[in-house]
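Some notes on the structure that comes next.
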Amino acid sequence: MPRLKILFVASECVPFAKTGGLGDVVGALPAALASRGHDVRVVLPRYRSAKAHPARKLDLALAVPLGGGERWGAVWEATLPSSAPGAGAVPVYLLENDFLYDRSGIYGDAGGGYGDNLLRYAFLSRGALALARALDFAPDVVHVHDWQSSLIPVYLDTVEAAGPLGRAASVLTIHNLGYQGWFDKDELPVTGLGWEVFHDRGLEAFDRLNLLKGGLYHATLVSTVSPRYAQEIRTPDFGEGLDGVLRDRGGDVIGVLNGIDEAVWNPQTDLHLAARYSAEDLTGKAACKAALQRQLALPERADVPLIGIVSDQDAEVQLGD
């Protein structure tokens, strides 16, 4: 397999920032690809939470062209911790702009989503491409995730089309289709894009901006977190209003089952568990179940199943007699 240059751009990456599975994937997949010999780089914002991790400031002032002129940022470089066998160090570039990112939350706070989220993630998307140029890194593939970096395929097809970055393929992975990046159409100039992208096969949806929709139409390929989900989201029941777009992309939408980092999620070595166990020796599993029952203030009983549910609704269920 030829060695690829791959640029990941995302709003989350473990251990620097995480609200859900997106952060886990971006924290693990680049290292797995690096272990196969690919040249992988990661770009994300330097949130307040990311400042707790070791990084070095590059001698680089990054100019990011957006609506109203250039916005400037600094760049910090860190290394992505890796447990993948044979993986080299994966550089993580943290885009610093304290006005945009030095906040208590990632996407919002107790008052709701931040009102300037379009600017914050346009800066990330256009800034990642500006950084690639500054580093003389011409990716073969740019891998973007959810609405927060969905502007990148649009930029690659428009303002970057004539340059070396315009030759890059783009992959957009949908982790949560329910969040699409809706904004008033009057905010389009913030992105630095012209009105020619505001149409039904671009960023327009119901006379508003929908960043994810624009990314879905401009990305070379679209991936989801499982083959089954790739089929489900083409239906009105699961498509969150974008099922028609996903059907329109046809075979360009594929499902790749999310994996786990087996070195991290290993019950034989996980120090966070009450007891260790393995497929050959399940002795410790009973102690783990009892510890979880105590933590959840459930009756500590070995004779009933304990069921965990991944859901949008909080749920604690233990079957009784």
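FYI, side chains are in, hydrogens and waters are out, and symmetry mates aren't considered; it's all heavy atoms of this structure. Residue numbers start at 1 and run along the sequence shown.
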query: Looking at CG of L165 and OG of S170, how far apart are the two atoms once the value is rounded to the nearest 0.5 Å?
result: 12.0 Å
- prompt: Would you say Q180's side chain and E240's backbone share a donor-acceptor pair under 3.5 angstrom?
  reply: yes
message: Between R234 (side chain only) and A230 (backbone N and O only), is there a donor and an acceptor less than 3.5 Å apart?
response: yes
task: Decide ring-ring contact (aromatic ring centres under 6.0 Å, His included) for H218 and Y155; before the verdict, give the C-alpha distance in whole Å, the side-chain angles of both, and the deciding distance to 0.1 Å.
output: CA-CA 9 Å; H218 282 271; Y155 287 135; over 10 Å; no
Considering all heavy atoms, the nearest G255-T224 contact: CA-OG1, 3.5 Å
Close side-chain approach of V222 and D252, heavy atoms under 4.5 Å: no
query: Going by heavy atoms in the side chains, are D184 and R208 under 4.5 Å from each other?
result: yes
statement: Value for CG (D24) from CG (L29), rounded to nearest 0.5 Å, stands at 12.0 Å
Taking every non-hydrogen atom, the tightest pair across K57 and A74: CE-CB, 3.7 Å
- prompt: In Å, rounded to the nearest 0.5 Å, how long is the span from CG of L216 to CZ of R201?
  reply: 11.5 Å
field: Positive for side-chain contact (heavy atoms from CB on, under 4.5 Å) with V253, one of L172, V245, L246
entry: L246
- request: Could you pull out the closest heavy-atom pair between P54 and A78, with the gap in Å?
  value: O-CB, 3.5 Å
message: Please determine whether salt bridge (charged side-chain N to carboxylate O under 4.0 Å, His left out) holds for the pair D102 and R48, giving the CA-CA distance in whole Å, both sets of side-chain angles, and the decisive distance to 0.1 Å.
response: CA-CA 5 Å; D102 188 18; R48 185 177 298 173; 2.8 Å; yes
field: T173 and V256: CA distance, side-chain angles, deciding distance, side-chain contact (heavy atoms from CB on, under 4.5 Å) verdict
entry: CA-CA 10 Å; T173 295; V256 180; over 6 Å; no
- request: May I ask you to check whether over 12 heavy atoms, not counting those of D59, lie within 6.0 Å of atom CG?
  value: no
message: Could you tell me if the side chain of C13 sits less than 4.5 Å from the side chain of F8, heavy atoms only?
response: no
message: Counting C-beta onward and ignoring hydrogens, is there a side-chain heavy-atom pair between L4 and L33 closer than 4.5 Å?
response: no
- prompt: Under 4.0 Å between a Lys/Arg side-chain N and an Asp/Glu carboxylate O for D200 and K213?
  reply: yes
- request: Kindly determine whether H175 and V225 satisfy side-chain contact (heavy atoms from CB on, under 4.5 Å), including the steps that lead there.
  value: CA-CA 6 Å; H175 298 268; V225 296; 4.2 Å; yes
query: Do the side chain of R249 and the main chain of A219 share a donor and acceptor less than 3.5 angstrom apart?
result: yes
field: In one Ile/Leu/Val/Met/Phe/Trp/Tyr side-chain cluster, 4.5 Å: L193, W182
entry: no
query: R71 side chain to V64 main-chain N or O, any donor-acceptor pair under 3.5 Å?
result: no
- request: Give a yes or no on whether the backbone of E232 and the side-chain of D237 come within a donor-acceptor separation of less than 3.5 Å.
  value: no
query: Is the backbone N or O of V26 less than 3.5 Å from a side-chain atom of H145, with the two atoms forming a donor-acceptor pair by type?
result: no
message: Assess the residue pair Y179 and D146 against the criterion (side-chain contact (heavy atoms from CB on, under 4.5 Å)); give the C-alpha distance rounded to whole Å, side-chain angles, the decisive distance to 0.1 Å, and a yes or no.
response: CA-CA 8 Å; Y179 297 98; D146 283 348; over 6 Å; no
task: Quick one: sort the W147 and Y121 rings into parallel, tilted or perpendicular, breaks at 30° and 60°.
output: perpendicular
- prompt: Judged by atom type as modelled, is there a donor-acceptor pair below 3.5 Å linking the side chain of S226 to the main-chain atoms of N258?
  reply: no
query: Who passes salt bridge (charged side-chain N to carboxylate O under 4.0 Å, His left out) against K285, sequence neighbours left out?
result: none
message: Distance check, rounded to the nearest 0.5 Å: Q295 atom CD versus E300 atom CD?
response: 12.5 Å
- line: Correct closest heavy-atom pair for P45 and L94 would be O-CD2, 3.9 Å
statement: Smallest heavy-atom separation, T220 atom then A169 atom, equals OG1-CA, 3.6 Å
query: Mind checking whether L306 and L298 have side chains closer than 4.5 Å, heavy atoms only?
result: yes
query: Side chain of R120, backbone of L100: donor and acceptor closer than 3.5 Å?
result: yes
Distance-minimising heavy-atom pair for A168 and P139: CB-O, 3.3 Å
- prompt: When rounded to the nearest 0.5 angstrom, what distance separates CG in L203 from NZ in K185?
  reply: 13.5 Å
query: When you measure from the centre of the six-membered ring of F137, is the NZ or CZ of R41 under 6.0 Å away and within 45° of the axis?
result: yes
message: Is it the case that the side chain of E12 and the backbone of T19 share a donor-acceptor pair, with hydrogens and angles ignored and the cut-off at 3.5 Å?
response: yes
message: Is it the case that the side chain of D270 and the backbone of W265 share a donor-acceptor pair, with hydrogens and angles ignored and the cut-off at 3.5 Å?
response: no
message: On the six-membered ring of Y114, is R103 placed so that its NZ or CZ lies under 6.0 angstrom from the centre and within 45° of the ring axis?
response: yes
query: Parallel, tilted or perpendicular: which fits the ring planes of Y47 and Y101, with parallel below 30° and perpendicular above 60°?
result: perpendicular
message: Just by distance, no angles: are the side chains of T283 and D281 close enough, under 3.5 Å, to form a donor-acceptor pair?
response: yes
query: Using the ring of each side chain (for Trp, its six-membered ring), is F198 parallel, tilted or perpendicular to W195, with breaks at 30° and 60°?
result: perpendicular
field: Separation of R167 CZ from D140 CG (nearest 0.5 Å)
entry: 10.0 Å
field: Pairing of E77 and R56 as salt bridge, 4.0 angstrom limit
entry: yes
message: For Y93 and L58: C-alpha separation, side-chain torsions, deciding distance, then whether side-chain contact (heavy atoms from CB on, under 4.5 Å) applies.
response: CA-CA 9 Å; Y93 299 102; L58 300 185; 4.1 Å; yes
- prompt: Is the closest side-chain heavy-atom distance between R133 and E160 below 4.5 Å?
  reply: yes
task: Taking the side chain as every heavy atom from C-beta outward, state whether D248 and Y217 have any pair of such atoms under 4.5 Å apart.
output: yes
query: Would L44 end up clustered with F99 when hydrophobic side chains under 4.5 Å apart are linked, directly or stepwise?
result: yes
- prompt: Got L151 and R126 here, is their nearest side-chain heavy-atom distance under 4.5 Å?
  reply: no
